[in-house]
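Reviewing the structure listed below.
Chain letters run A, B, ... following the sequence lines, proteins first, then strands; residues in each count from 1. Everything numeric here is computed off the predicted structure, so don't read it as measured data.
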There are 2 protein chains.
Amino acid sequence: MNSQDVILGLLARQPLSGYEIKQKFEMPLSFFFDASFGTIYPTLAKLEAQGHIMKESVIQEGRPNKNVYSLTDSGRAQFQSFLESPIERDVFRSDFLVRMFFSEFLDTDTQADWIRDEIRKTEEGGSHLQQMRQLVTEDMSPARTICLDIGYELNAAKTRTLKDALRRITDTTE
Amino acid sequence: MNSQDVILGLLARQPLSGYEIKQKFEMPLSFFFDASFGTIYPTLAKLEAQGHIMKESVIQEGRPNKNVYSLTDSGRAQFQSFLESPIERDVFRSDFLVRMFFSEFLDTDTQADWIRDEIRKTEEGGSHLQQMRQLVTEDMSPARTICLDIGYELNAAKTRTLKDALRRITDTTE
DNA sequence: CCGAGCATGTAAGGGGTTACATGATTGG
DNA sequence: CCAATCATGTAACCCCTTACATGCTCGG
């Protein structure tokens, strides 16, 4: 799975411009996938060159014109073949956990500070997800809600574990 | 954070060869960071060229010789400056969730199959982590145990959420 | 004799990031 | 007038992945 696959998927629902695609990369999609303009525009150009999408210039008033892309038959087939390909396993990469792994090189004050920081960041993301969840759950398919639910539950589990750990560290050393 | 930082961290504990470094990239480290030989060897060469590590050839009997690397002062300083740099936020990328996000293009049987598969894979990883946790918890620092605890708890949360979702999907449609 | 484990590397290519470059319009 | 939003793109670079290439030794 790469940006190409995800962009094709977004265009399978409705024609979009590069700028609009970028906006779609927000919650809940951004929880498990993201792409920047530096990826989106070259990818669109590549997809068009391959004949998977078609550009249409839309003249707008009071705003710059935009290039709206829509799927061709070949693009629809390409997206389908992504859906039929084997599912890759999740990638989870954590700078924070790497540092905890090397905690022997840190004093406990620094450890505690970092954990408190990580709790704060995680909780911020969590409240964002909770809002999403309450707003849009009704008109979402059961499978689609998994995206929000997993996001929310992973967040909650992480927060809980971090708070436990912080308690253990501050209990034994301060 | 990149391979360079993590390799320096591993060498800060003890001198290692490339092959031995690869072996260190197992649980629990592999849960939140990984590197292949194609990364490790070039990174070691680069670190040596920069003067951060020192090579020593060790002649072995009954096995090929190996190049054991140890940190120089400059390497120790480099690792320290990594520890002082801002902590990057976690990266979580999920092919599975992207597909759930696009579930409107799939029939419910496929959805259910995929979820059952994902549950199986997640549970496999979970039992592996649980074994680790029971084996080595005693002689690990509180901060270090976070790595295993978060791994285990995230896994458990994901499994729970997937099972709930599967129930909802099979209830309403079959 | 063959496969598995030990051991080190290279080369090509993929896929992404960040920063730069440009420019229009709208609202405060 | 200035900041924000809309809008598109490029260029340099980084980092990693996969596959290839080599070769030794031990145990079955």
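Atoms CD (A:E20) and P (D:dG9) sit 13 Å apart, rounded to a whole Å. For B:E88 and C:dG16, the CD to C1' distance is 14 Å, given to the nearest whole Å. Whole-Å rounding puts the B:Q23 CD to C:dC6 P distance at 6 Å. Put simply, NZ on B:K66 is 25 Å from P on D:dT22, counting in whole angstrom units. The distance from atom CG of A:N65 to atom C1' of D:dT5 is 16 Å, rounded to the nearest whole Å.
Counting only heavy atoms from C-beta on, A:Y41 has its side chain closest to D:dG9 among C:dA24, D:dG9, D:dC15. For A:Y19, the side-chain atoms get nearest to D:dT5 when compared with the rest of C:dT8, C:dT10, D:dT5. Looking at the side chain of B:N67, the nearest of the listed nucleotides C:dA24, C:dT8, D:dC15 is C:dT8. Residue A:Q60 has its side chain nearest to D:dA7 when only D:dA7, C:dG9, D:dC24 are considered. Looking at the side chain of A:R63, the nearest of the listed nucleotides C:dA7, D:dA7, D:dT18 is D:dA7.
Taking the ring axis of A:F82 as reference, the NZ or CZ atom of B:R99 stays within 45° of it and closer than 6.0 Å to the ring centre. A cation-pi contact links B:R13 to A:F101, judged by a cut-off of 6.0 Å to the six-membered ring centre and 45° from its axis.
Other residues, nucleotides and ligands place more than 12 heavy atoms under 6.0 Å from the CG atom of B:D107.
Remark: of the listed residues B:H128, B:K121, B:R120, B:R120 is the sole one forming a side chain to side chain donor-acceptor pair (under 3.5 Å) with B:E124.
Contact check, A:S36 against C:dT17: a side-chain N or O comes under 4.0 Å of OP1 or OP2. A sub-4.0 Å separation between OP1 or OP2 of D:dT17 and a side-chain N or O of B:T39 is present.
Across all strands shown, B:K22 has no heavy atoms under 4.0 Å from either base or sugar-phosphate atoms. Among the atoms of the strands shown, only primed sugar atoms or phosphate atoms (P, OP1, OP2) are found under 4.0 Å from some heavy atom of B:G62.
DNA chain C is contacted by both A:S3 and A:E61; A:S3 maps to the nucleotide lying nearer its 5′ end (nearest heavy atom per residue).
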